[in-house]
Amino acid sequence: MSTNHSILITGATGLLGRDVLRRLLTADSNLRAFVLVRDVGRWLRTERDFGDKSRVIPVRGDLCADGLDIAPDARAAICRDVNAIVHLAADTTFSSPLDRARAVNTHGTRRVLELANDCDTPAHVAYVSTAFVAGRRTGVIAEDFHTANAGWVNAYEQSKYEAERLVMDQAASWAILRSSTVVCDDASGQVTQTNGVHRALNLYRHGLVAMMPGVVGSTVDAVTTSYVADGIARLALRDDAAGKVVHLCAGEGALPLVDLLDITYERWASIPAWRKRGIVRPIITDLATYSLFERTISDVGDASLKRIAGALSHFVPQLALPKRFDTTNADALLGRGAPPVREFWLPMLDHMHALNAASPIARVA
Ligand SMILES: NC(=O)c1ccc[n+]([C@@H]2O[C@H](COP(=O)([O-])OP(=O)(O)OC[C@H]3O[C@@H](n4cnc5c(N)ncnc54)[C@H](OP(=O)(O)O)[C@@H]3O)[C@@H](O)[C@H]2O)c1
C-alpha cells in the first residue's frame with residue numbers, strides 16, 4: 001500500500017472526513033483522491049484547503065443506491081486507478097431507527113466493499129468505525145473483540161458493528177479504525193460540530209434533567225478531531241495497520257464520571273448567573289432507576305420533557321455501562337497515546353459557553 005497514490009474517500013464533507021482528506025493530501029504530494037459525494041455542486045462550492053484541485057476528483061454517489069449510483073465512466077476510472085478506499089461516510093445519528101442506520105452504515109458499506117473488490121487490484125479498505133460497537137459490553141474492551149454478545153444502546157452502534165463484520169469478511173485487505181466520541185477540534189476546545197454530548201451537556205446545564213445513569217467506575221472516553229483525523233490519515237494506508245483493529249480513544253486518559261461532573265459543575269458555578277439559578281447536579285442512578293425515570297417522563301411529562309428524555313435515551317445509558325477501551329494497537333502504531341480528556345474538557349466547556357453566547361449563562365461567561 002505504500003506505493004498507493006490513488007484512493008477513494010467517502011464522507012469527505014463530514015467533520016472527520018474533510019480533515020482526513022486534507023491530511024492525506026498534505027502527507028503525499030502525489031496522492032490523487034476520488035471523493036464520493038452526494039451533491040457534486042455543493043462539494044465544488046464548499047471545498048476549501050485542498051490545495052491542487054486537480055488531485056481531488058469529485059464523484060457523485062450515494063451509499064444507499066445499488067452500485068453506489070456512480071456513473072459507469074466514473075466507476076471504470078475508480079476501478080482502474082484506485083487501490084485503497086477510506087470509508088468514513090455514515091449516518092451518525094444516534095436516534096436513527098435500525099432500518100435507516102443499516103441502510104446507510106451496513107448496506108452502504110457492503111456496496112463500498114463490492115466496489116473495492118471490483119477494482120482491477122482489489123482495493124484495501126480502511127473502515128472508520130466507532131469504539132461503541134462494543135455496545136453494552138463492560139470492562140476492558142480489547143481492540144480485537146469480535147463477538148456481539150451484549151447488545152447495543154442504539155441502532156447506530158449495531159449497524160456499525162455489522163459493517164465491521166462485512167469489512168473483515170469481504171475486503172481483500174482492511175484496517176478498522178474505531179474512534180471514540182469527538183467532542184472538540186483540538187486542545188483549544190473549539191467545537192466545530194456539535195453532537196449528542198454537547199446537547200446533553202446543555203440540558204444538564206439548564207437543569208432540565210434530574211438524573212444521569214452511572215455506576216462506580218463509570219468513565220467518559222472522548223477525543224479531539226485532530227487526534228482522530230491524524231490517526232486515520234496515518235494508519236489508513238499503512239501496511240503494518242492492515243488486518244488490525246485500532247482504538248482511537250482516550251483509553252487510560254478517559255475521565256471518571258464523578259471527576260468530569262466535578263470539573264463541569266465547578267466551571268458552571270464560576271458563572272454568577274448560573275449560580276443564581278440554584279441548579280443542582282443530577283442524581284447518578286443505575287440503569288434500572290434511570291429507565292424508570294424515563295418511563296415516568298414518557299407517562300406524565302410534557303412534550304418538551306419527552307423530547308429531552310428521548311434524545312438522551314439513545315446514548316446516555318453508555319454512562320452506566322463502564323468500559324475502558326484498550327489502545328495497545330493505536331499507541332504502538334502511532335507512537336503515542338491520545339490526549340487525556342482532562343486536557344481539553346474545560347476549554348471545550350468554555351467554547352460551548354461562547355457558542356451559546358445568546359443565552360444568559362454564556363453572556364456572563
Ligand atoms: N464524530 C464522531 O464523534 C465519531 C465518533 C466515532 C466514530 N465516528 C465515525 O467516523 C465517521 C465520520 O464521522 P463524522 O462525525 O465525520 O460524520 P458526519 O460529520 O456526520 O458526516 C457524515 C458524512 O457521511 C456522508 N453521508 C451520509 N450519508 C451518506 C450517503 N447515503 N451517501 C454518501 N455519503 C453519505 C455525509 O455526506 P453529506 O455531506 O452528503 O451529508 C458526510 O460526509 C463515521 O463513519 C462515524 O461513524 C465518528
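Note that ligands are numbered from 1 as they come in the structure, with each ligand's atoms numbered from 1 the same way. We count residues from 1, following the sequence as given. Just so we're clear, the structure is a prediction, and the values are computed from it rather than from any experiment.
In this structure, L8 and L115 have side chains that are in contact, with non-hydrogen atoms separated by less than 4.5 Å.
Of all non-hydrogen atoms in H247 and A330, the two that sit nearest each other are O-CB, 3.1 Å.
Hydrophobic clustering, defined by side-chain heavy atoms of Ile, Leu, Val, Met, Phe, Trp and Tyr closer than 4.5 Å, leaves V140 isolated from every other such residue.
Closer than 4.0 angstrom to ligand 1 lie heavy atoms from G11, T13, G14, L15, L16, R38, R42, D62, L63, C64, L88, A89, A90, T92, V104, V128, S129, T130, Y156, K160, S179, S180, T181, V182, Q193.
For the 3.5 Å distance criterion, the side chains of R267 and T264 fail to qualify, holding no donor opposite an acceptor.
One hydrophobic cluster, built from ILVMFWY side chains closer than 4.5 Å, cannot hold both V197 and L321; they sit in different ones.
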Exercise. Could you go through the side chain to side chain donor-acceptor pair (under 3.5 Å) check for N202 and R205 one step at a time?
Key: CA-CA 5 Å; N202 274 335; R205 187 172 66 106; 3.2 Å; yes

